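This is the structure I want to talk about, given as structure tokens.
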Amino acid sequence: MITFEHVDVVYPDGFKGLNDVSLTIDRGEFVAVVGLSGAGKSTLIRTINGLVPHTVGTLAVGGRTVDPRNKAKLRALRSQVGMIFQSFNLVDRISVLNNVLAGRSAYTPTWRSLLGWYRPEDREIAFQSLERVGIVEKAYQRASSLSGGQQQRVAIARVLAQDPEVILADEPVAALDPPTAHQVMRDMRRIQQELDITCIVNMHHLDVARAYADRVIGMRDGEVVFDAPVAEATDAAIEEVYQRSLTAEDVVVERAEEERS
């Protein structure tokens, strides 16, 4: 599904974001990427949709080679690769429904998007996406009126409206309280399983990775230094990735909070 072959990323200032990364992620996998700040987690997932261009090696998604220089191919790729951000990236002043309809932009003429004249089938897809994350009743509210957890669900619904093959998520629950974080992750995991979508998530908290992922990839200094099923992501293994002992901040979202949510 997704293959990296000896991929490097070198930023304009000379910093090496990825160093000789080779790995394969199969369709339908839920993968957690862990590592300290600056380890290369965000760079890794952002190369997949071309937001960060790779400079050496070969990267392919769904059999399509990612070519950062080919804008037409990048647009086609991004229509099939959804991205969820920590900061939600919603337009606060418009409705939840219109935020989700933005996920249909790849399938909608620009003039329709600008005027808000979406086709009935696009609106139906948007409503179905909101229903999947359990907030269809918020469709006509302004996005700014929602809680943080509800806004992240809108962001997930917007991605679902793309009908993606892959979902990338960059620290999607870092800004949320523990019960809400687990609720959002349960939603993502359930949707990923129901739709057989490949999901790659950067995570800071290890208990979240262990609770929801199939596989854990550990990054350090732009390299993959750990790659194994989640059952093998022991404290000792992750301490080796981090090159230090784990702290309470590394495992802060407790499962006990999930039971109370």
Side-chain angles (χ1 to χ4, degrees), residues 25 28-37 41-42 45 82-90 96 99-100 128-138 141 143 145-160 164 166-219 226 228-235 237-239 241-242 246-261:
I25 297 170
E29 278 196 289
F30 195 113
V31 179
V33 184
V34 302
L36 298 176
S37 296
K41 304 188 304 296
S42 292
I45 69 168
M83 185 84 180
I84 299 169
F85 299 90
Q86 177 182 337
S87 58
F88 317 140
N89 282 16
L90 303 180
V96 165
N99 270 283
V100 176
Q128 289 173 356
S129 299
L130 284 169
E131 191 168 11
R132 281 193 177 275
V133 296
I135 55 170
V136 69
E137 73 280 0
K138 306 290 186 182
Q141 292 188 24
S145 71
L146 273 56
S147 68
Q150 290 170 336
Q151 289 190 45
Q152 193 59 293
R153 290 187 193 127
V154 175
I156 294 170
R158 180 181 57 196
V159 165
L160 292 177
V166 178
I167 292 178
L168 309 174
D170 198 355
E171 299 279 8
V173 298
L176 305 178
D177 61 81
T180 304
H182 277 295
Q183 182 60 61
V184 168
M185 289 305 303
R186 285 199 298 268
D187 286 342
M188 287 186 63
R189 180 58 163 163
R190 170 180 50 80
I191 291 165
Q192 178 264 334
Q193 290 177 323
E194 289 175 353
L195 301 180
D196 194 31
I197 296 172
T198 305
C199 194
I200 306 167
V201 185
N202 286 348
M203 295 183 185
H204 178 67
H205 302 122
L206 297 176
D207 64 332
V208 177
R210 290 165 175 161
Y212 300 103
D214 300 312
R215 171 182 171 189
V216 175
I217 291 173
M219 302 286 298
F226 179 84
V230 68
E232 297 179 27
T234 62
D235 284 0
I238 301 304
E239 286 177 350
V241 173
Y242 289 3
L246 298 181
T247 67
E249 292 183 354
D250 298 321
V251 190
V252 70
V253 182
E254 297 180 0
R255 294 290 291 179
E257 296 284 0
E258 178 188 357
E259 300 304 322
R260 294 197 292 272
S261 65

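Here the structure is a predicted model, which is why all the values come from computation and not from measurement.
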Rounding to 0.5 Å, atoms NE2 (His182) and CG (Asp177) come to a distance of 10.5 Å
Under 4.5 Å between any side-chain heavy atoms of Gln152 and Val173, yes or no?
no
Evaluate the side-chain proximity of Thr198 to Ile167: yes if any heavy-atom separation is below 4.5 Å, no if none is.
no
Measure the shortest side-chain to side-chain distance between Leu160 and Arg132 over non-hydrogen atoms and say whether it is less than 4.5 angstrom.
yes
Short side-chain donor-acceptor distance under 3.5 Å, Arg186 and Gln183:
yes
Among Ile156, Leu130, Asp187, Val100, which residue meets the side-chain contact (heavy atoms from CB on, under 4.5 Å) test with Ile135?
Leu130
Close side-chain approach of Val33 and Ile200, heavy atoms under 4.5 Å
yes
Could you tell me whether the side chain of Glu232 and the main chain of Pro229 form a donor-acceptor pair under 3.5 Å?
no
About how many Å separate CD of Glu239 and CG of Asp250, when rounded to the nearest 0.5 Å?
9.0 Å
Reported CZ-to-CD1 distance for the pair Arg153 and Ile84, which is rounded to 0.5 angstrom
12.5 Å
Distance, nearest 0.5 Å, that separates CE of Met185 from CG of Leu176
10.5 Å
In short, Phe88 meets Ala155 closest at the heavy-atom pair O-CB, 3.8 Å
Among all residues two or more places apart in sequence or in another chain, which pass the side chain to side chain donor-acceptor pair (under 3.5 Å) test with Glu137?
none
Closest approach of Gly149 and Thr180, non-hydrogen atoms and distance?
CA-CG2, 3.3 Å
CZ of Arg189 to CZ of Phe30, rounded to nearest 0.5 Å, is 6.5 Å
Do Leu206 and Leu246 have side chains that get closer than 4.5 Å, going by heavy atoms?
yes
Using side-chain heavy atoms (C-beta onward) and a distance below 4.5 Å, is Ile45 in contact with Met83?
yes
Is the side chain of Gln192 donor-acceptor paired with the backbone N or O of Gly28 at a distance under 3.5 Å, no angle test?
yes
Evaluation steps, side-chain contact (heavy atoms from CB on, under 4.5 Å), between Val34 and Tyr242:
CA-CA 9 Å; Val34 302; Tyr242 289 3; 4.1 Å; yes
Who passes side chain to side chain donor-acceptor pair (under 3.5 Å) against Arg158, sequence neighbours left out?
none
Using only atom types and a distance under 3.5 Å, with no angle test, would you say the side chain of Arg215 pairs donor to acceptor with the backbone of Glu29?
no
Rounded to the nearest 0.5 Å, what's the gap from SG on Cys199 to CE on Met188? Could you check?
4.0 Å
Full working for side-chain contact (heavy atoms from CB on, under 4.5 Å) between Glu171 and Lys41:
CA-CA 10 Å; Glu171 299 279 8; Lys41 304 188 304 296; 3.9 Å; yes
Please find the pair of heavy atoms, one from Ala157 and one from Ser129, that lie closest to each other, and give the distance.
O-CB, 3.4 Å
Determine, step by step, whether Ile191 and Val133 satisfy the side-chain contact (heavy atoms from CB on, under 4.5 Å) criterion, reporting the C-alpha distance in whole Å, the side-chain angles of both residues, the deciding distance to 0.1 Å, and the verdict.
CA-CA 8 Å; Ile191 291 165; Val133 296; 3.7 Å; yes
Quick one: does Met219's side chain get under 4.5 Å of Ile217's, heavy atoms only?
yes
Does any part of the side chain of Pro172, heavy atoms only, come nearer than 4.5 Å to the side chain of Gln86, both counted from C-beta?
no
